[in-house]
Peer 1: 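Encoded as structure tokens, here's the structure I'll be asking about.
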Amino acid sequence: MQVYDLHSHSSHSDGVLSPVDLVMRAKSKQVDVLALTDHDTVSGLEAAAKQATIEGIDLIPGIELSSQWNGCGVHIVGLALDLGLPDIHAAVADVQRRRQQRAETIAEKLAKAGIPGALAGASAIAGGETLGRPHFARHLVREGHVSNVNQAFKRYLGAGKPCDVKNVWPSVEEVVHWVLSAGGTPVLAHPAKYKMTRTKLCRLVDCFTASGGLALEVVNGRQAVGMADNLARIATQYGLAASIGSDFHLPDQPWQELGCSGSLPAQVRPVWELW
Ligand code: MN
Ligand code: MN
Ligand code: MN
């Protein structure tokens with residue numbers, strides 16, 4: 001039986017390993033088919049694909065996009081993207097624009113709070129990475145405004161604090177549409193993580209399915225006993241295929257280790273049967 005891991009992150013988003021090291025680790029963990037699904041970027045896929053060829057494993061080009069539904073942040077994984085199509089690149093550009101705008105607003109608010117120049121400072125810390133709140137936090141520490149990153153969130157950047165700026169994410173419909181037009185399979189990521197009631201989750205799944213969503217991530221990392229079966233029932237009810245992935249970010253987190261998430265319940269249709 002082949003080992004599938006269809007959700008993982010590299011240093012191109014918030015993972016620790018480079019795409020090359022990630023693929024090598026996947027190989028060492030007996031993964032046969034790996035999807036690299038960095039947050040809001042496809043920039044690691046080329047290097048990962050080259051290494052996958054060397055290691056003799058299948059690399060599925062993927063992405064994890066942020067969206068919102070009824071005020072809740074919802075993640076949608078796009079699998080088996082066609083990188084030759086322009087669409088996913090346009091989607092990534094749109095998301096980057098939203099993040100950049102948010103960063104500029106955070107910097108304006110910090111300036112009003114008496115801390116000018118935070119945009120340049122945070123950008124320098126981010127290097128080539130997508131600019132986000134952690135970079136502002138580190139800048140505040142470096143400049144001596146706070147003594148650590150937690151304090152930066154508590155005093156300035158966290159929810160309800162003076163420099164808190166909500167990200168305006170695209171809707172579920174929009175993100176599903178992006179993935180479909182990039183030739184990919186939209187997967188509703190880690191449904192259990194949203195901590196919704198079953199009724200609410202079913203409304204989300206309903207919206208996702210109506211938008212053209214095709215699969216539910218029935219297994220994400222190591223979940224509570226019985227969770228996969230619950231989610232498998234929802235997948236079946238809505239005619240969705242099922243996906244499985246570790247959501248690997250870094251070594252030393254055995255609950256999210258590559259290739260170690262178990263298997264899909266028997267009754268579901270695996271997402272790879274769609275390809
Ligand atoms: Mn992440
Ligand atoms: Mn996620
Ligand atoms: Mn993830």
Side-chain angles (χ1 to χ4, degrees), residues 4-19 21-23 25-26 29 31 33-45 48 59-69 71-81 88 91-92 95-96 98-99 102 126 129-135 137 149 153 167 169-172 174-176 178-179 184-196 201 204-205 208 213 215-224 227-228 231 242-261 271:
Y4 287 83
D5 189 332
L6 302 178
H7 188 156
S8 70
H9 297 275
S10 78
S11 53
H12 284 243
S13 62
D14 58 350
V16 160
L17 302 183
S18 70
D21 288 341
L22 178 80
V23 170
R25 188 177 182 90
K29 299 290 177 185
V31 173
V33 183
L34 174 74
L36 173 57
T37 56
D38 274 316
H39 295 282
D40 305 320
T41 183
V42 292
S43 61
L45 291 175
L59 186 94
I60 306 294
I63 193 168
E64 181 171 16
L65 291 161
S66 299
S67 73
Q68 60 186 356
W69 176 81
C72 308
V74 167
H75 286 176
I76 291 172
V77 162
L79 293 177
L81 304 168
I88 203 65
V92 166
V95 174
Q96 302 289 359
R98 290 172 196 258
R99 284 192 191 268
R102 181 195 196 203
E129 287 173 41
T130 306
L131 193 52
R133 287 187 303 173
H135 305 115
V149 163
F153 277 88
N167 229 330
W169 297 116
S171 66
V172 165
E174 223 170 333
V175 171
V176 166
W178 286 343
V179 172
T185 305
V187 182
L188 183 61
H190 43 63
K193 276 196 187 160
Y194 308 128
K195 297 192 166 43
M196 293 175 183
L201 180 59
L204 167 61
V205 173
F208 173 75
L216 198 65
E217 197 173 63
V218 165
V219 178
N220 176 275
R222 283 199 202 145
Q223 307 175 127
M227 181 58 72
L231 294 174
S243 187
I244 175 169
S246 61
D247 212 351
F248 177 88
H249 284 72
L250 63 159
D252 306 319
Q253 293 195 326
W255 59 94
Q256 292 193 305
E257 183 54 81
L258 289 164
C260 295
S261 307
V271 66

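We're numbering straight along the sequence, starting at 1. As the structure lists them, so they are numbered: ligands from 1, and atoms in each ligand from 1. Quantities reported herein were computed from a predicted structural model and do not represent experimental measurements.
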Peer 1: Distance from Glu64 atom CD to Thr41 atom OG1, nearest 0.5 Å?
Peer 2: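 OG1 of Thr41 is found 12.5 Å from CD of Glu64.
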
Peer 1: Could you tell me whether a side-chain N or O of Tyr194 sits under 3.5 Å from a main-chain N or O of His75, the two making a donor and an acceptor?
Peer 2: yes

Peer 1: With a cut-off of 2.8 Å, how many protein N, O or S atoms neighbour the Mn ion (ligand 3)?
Peer 2: 4

Peer 1: Can you name the N, O or S atom of Asp14 that is closest to the Mn ion (ligand 1)?
Peer 2: OD2

Peer 1: Tell me which one of Ile63, Thr185, Ile60 satisfies side-chain contact (heavy atoms from CB on, under 4.5 Å) with Leu81.
Peer 2: Ile63

Peer 1: Under the criterion side-chain contact (heavy atoms from CB on, under 4.5 Å), which of Leu34, Leu258, Val219, Leu6 is the partner of Ser246?
Peer 2: Leu258

Peer 1: Heavy-atom distance under 4.5 Å between the side chains of Leu231 and Val205, does that happen here?
Peer 2: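 They are not in side-chain contact.
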
Peer 1: Say whether, by atom type as modelled, one donor and one acceptor occur between the side chain of Thr37 and the main chain of Ser8 under 3.5 angstrom.
Peer 2: yes

